[in-house]
Protein chains: 2
Amino acid sequence: MVTIYDIAKKANVSPMTVSRVINNSSNIKDTTRQKVEAIIKELGYIPNSAARSLISKRTHIISLLITDITNPFFTRVARGAEDKAKQSGYQLLLSNSDENIDKETEYINMLLSTGVDGVLYAPMGDESKKNLRTLVKSNIPFVLIDRDIQGIQSDIVLGDSYEGARRLVEHLRDQGHKNIALINGPSNTSTARERQRGYEETLRLSNLPYKKKLMWEIQYKEDTADDVIEQLLSLPKNQRPTAIFAGNNFIAVNVIKALNKKGIQVPDDMAIVCFDDFEPISGFNPFLTVAAQSAYSYGYMGAQFLIERIEGTGPKENRRIVLPPEIIVRKSSLGYTFKGRK
Amino acid sequence: MVTIYDIAKKANVSPMTVSRVINNSSNIKDTTRQKVEAIIKELGYIPNSAARSLISKRTHIISLLITDITNPFFTRVARGAEDKAKQSGYQLLLSNSDENIDKETEYINMLLSTGVDGVLYAPMGDESKKNLRTLVKSNIPFVLIDRDIQGIQSDIVLGDSYEGARRLVEHLRDQGHKNIALINGPSNTSTARERQRGYEETLRLSNLPYKKKLMWEIQYKEDTADDVIEQLLSLPKNQRPTAIFAGNNFIAVNVIKALNKKGIQVPDDMAIVCFDDFEPISGFNPFLTVAAQSAYSYGYMGAQFLIERIEGTGPKENRRIVLPPEIIVRKSSLGYTFKGRK
DNA sequence: CCTCTATTTGATACCGATAACAAAAGTATA
DNA sequence: TATACTTTTGTTATCGGTATCAAATAGAGG
């Protein structure tokens, strides 16, 4: 490994002078600079980040802690974050908590040890608060994305889950649906709570009764909806839902799979809407009606805020960006066959 | 920040003793160990990786250098790599080259500076060779995934592009197609070359003539297929393709979009097959016939090989894993309406 | 109780860079 | 040419750990 000492010896200067050349410091004679730079190039010298970090307390690495990169929503968050990080000279460390608090905690500890400069953090749920406290105690800047945590002060970028839910449910109502079920994510996430609030509010304002039996909660990822569907289908016919609002894209998929197993077709026998789109193929074979969130922006803006915190630029007060979802109406909510109609 | 010196002072021992406790070194008196461990816990000490790396020359970070995390194929590669890395106590740094050699080179330089322990590398194409040489010169272990580079010795995990192509084209042939077009990725990638070889070979063995006018090349990502489709559709009717083999999933999507713009419907007016599936929603609304590759395994096995190289375990000779693709037949290649048939 | 060996602990140097200060060289002015 | 000031370069200490060797302590055997 080539060090500044090797360069220094060959150039007949002190290591300090080499360091100055590398860092474009002031007051270097032009001839010296050129001589040193030539040798740096010749030997292919690359600064050792460990040594630098030891002094500067900075690694130029930020961590992206999400629940699962496999969810197209987070894939795009990651892409946005990486783009911004690169632009600003940072690198991105990837961690998947899998909506699991223990795994999340493990990662937090790894990150602290690695000495990342900051964390872009999509918490798995309210339990994440203890991990956030750890970050606060360690004085590591972080920015929340997608999910809010009560009682934690920070920059945050998220979507308007309430508004999105309202508009999705209104859309179903406008299609003539009366019994609309909610199959939501876990209520220990702010997104699920807000979506439920939007759902309930819309039903209330529309004078549609909402019934506990139509409201269910499963995991946002890798969960089966079989039991829930079983329950919903066993309701007496006049209470049985004709439409389902799924908490996110994965839930929607699992719901559809469960329905298909029962011989129920979407959208003919059941309408479906959900949060989060399925990029990149959502558009070409349009199927799911969704409240699409600009995931890339979450990542990009989140990374930007984070880097501003790290570098001490940007405002003192915390920023809270709430991005509006875009409702995209597709087949899954349009083809339902009402009895007596059509 | 808490250091071993703080611990040492409070425990009335030397820093060296603290270091020994942290590293479970031999020959520590039990009472001493307990005393020190208690204080470590009390002060919430976390070892500083920069200081450790400076001595050990190891960061426990591996880099995943791919072309685009947004492609579901690489999303799953990333997930596999991250899982294995975590298991082995490593963290994963994410970089997207966007199939661009300059960006790739930039990342390589960042990685060298960061001092990653190894690189899991999906090269953008043959130009990547110079970057691989840089890694070799710097003595940084790497494992290739998905794409092979002539003249580079390394472990590699990839798919059988030739075989996959053969079977996809055979499937189209068996459906009665005679004029089958190839819209491939760039021929400076090993995957594109192998897929083309499989395509040509199958046509030859099937006594189907292959014509240069049916063979095209565009980018694997974010490219438009409009021009190519324009050309293909303007062929005289007896030469015009009734089926298209797309080099990968993104190309397939862009092809379908271009066709739709021209009022051509898939699969009725044109059959489509391609490489790489669109997880996670490929299954529930089955559409594209694909040669699916076990992307998760690429990442998982690649990371495993890489870590074995880093740690000096595993065999001396290079490993070459060629994973067979799985052909999944769906609507996109089944509904074509032949004149006079059906 | 003393000697000899084994175990446990400590002192020092170093990894590669940079901050802070000191010294040397260069320039301007009288 | 001597003096004062500026520019450029060098010396030393330090970041937080660990390798290496030396010192201290404990344990065994006579």
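All chains are named by letter (A, B, ...) in the order of the sequence lines, taking the proteins before the strands, and each is independently numbered beginning at 1.
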Undergrad: I'd like to know if the side chain of A/T59 pairs up with that of A/D117 as donor and acceptor (distance under 3.5 Å, no hydrogens or angles considered).
TA: yes

Undergrad: Figure out the CG/C1' separation between B/N12 and C/dT8, and round it to whole Å.
TA: 16 Å

Undergrad: What integer distance in Å separates A/M1:CE from C/dC15:P?
TA: 12 Å

Undergrad: A/K57 has an atom NZ; how far is it from atom P of C/dA19, in whole Å?
TA: 12 Å

Undergrad: Does OP1 or OP2 of C/dC15 have a side-chain N or O of A/N48 closer than 4.0 Å?
TA: no

Undergrad: Indicate yes or no for a side-chain donor-acceptor contact from A/S190 to the backbone of A/D148 under 3.5 Å, with no hydrogens or angles considered.
TA: yes

Undergrad: Is there a donor-acceptor pair under 3.5 Å between the side chain of B/N96 and the backbone N or O of B/I69?
TA: yes

Undergrad: Detail all sub-3.5 Å separations between protein N/O atoms and N/O atoms belonging to nucleotides 5-7 of chain D.
TA:
none

Undergrad: Does the side chain of B/L120 come within less than 4.5 Å of B/F305's, by heavy atoms?
TA: no

Undergrad: Quick one: on DNA chain C, does B/T31 or A/T3 contact a more 5' nucleotide (nearest heavy atom)?
TA: B/T31

Undergrad: In whole Å, I'd like the distance from the CD1 atom of B/I55 to the P atom of D/dT20.
TA: 11 Å

Undergrad: Can you tell me which nucleotide in C/dG16, D/dT18, D/dT9 comes closest to the side chain of B/Y5?
TA: D/dT18

Undergrad: Should B/N23 and B/R52 count as side-chain neighbours, where that means a heavy-atom distance under 4.5 Å?
TA: yes

Undergrad: Please determine whether a side-chain nitrogen of the Lys or Arg among A/D83 and A/R79 lies less than 4.0 Å from a carboxylate oxygen of the Asp or Glu.
TA: yes

Undergrad: In whole Å, I'd like the distance from the CG atom of B/D30 to the C1' atom of C/dT9.
TA: 15 Å

Undergrad: Please report the C-alpha distance between A/R309 and A/N318 in whole Å, then the side-chain angles of each, then the deciding distance to 0.1 Å, and finally whether the side chain to side chain contact (heavy atoms under 4.5 Å, CB included) criterion is met.
TA: CA-CA 10 Å; A/R309 284 274 166 249; A/N318 287 320; 3.7 Å; yes

Undergrad: Does OP1 or OP2 of D/dT18 have a side-chain N or O of B/R52 closer than 4.0 Å?
TA: yes

Undergrad: Establish, with yes or no, whether the OP1 or OP2 oxygen of C/dG10 is under 4.0 angstrom from a side-chain nitrogen or oxygen of B/T17.
TA: yes

Undergrad: Rounded to whole angstroms, how far apart are CZ on A/R58 and P on C/dG16?
TA: 23 Å

Undergrad: With a 4.5 Å cut-off on side-chain heavy atoms, are A/R33 and A/N24 touching?
TA: yes

Undergrad: Select one nucleotide: of C/dT18, D/dT9, D/dT18, the one nearest the side-chain heavy atoms of A/T32.
TA: D/dT9

Undergrad: To the nearest angstrom, how far is B/L54 atom CG from C/dA13 atom P?
TA: 18 Å

Undergrad: Could you tell me whether A/P47 contacts a base, only the sugar-phosphate backbone, or nothing, with contacts defined as non-hydrogen atoms closer than 4.0 Å?
TA: sugar-phosphate

Undergrad: Report the C-alpha separation of A/E308 and A/K84 in whole Å, then their side-chain angles, then the decisive distance to 0.1 Å, and conclude whether the salt bridge (Lys or Arg N to Asp or Glu O under 4.0 Å) test is met.
TA: CA-CA 11 Å; A/E308 287 178 8; A/K84 183 65 202 177; over 6 Å; no

Undergrad: Can you check each nucleotide of nucleotides 20-25 of chain C against protein heavy atoms at under 4.0 Å and return B for base, S for sugar-phosphate only, - for none, in 5' to 3' order?
TA: BB----

Undergrad: If you define the side chain from C-beta out and look only at heavy atoms, does anything of B/S154 sit under 4.5 Å from B/Y121?
TA: no

Undergrad: Round to the nearest Å and state the distance from B/I28 atom CD1 to D/dA24 atom P.
TA: 19 Å

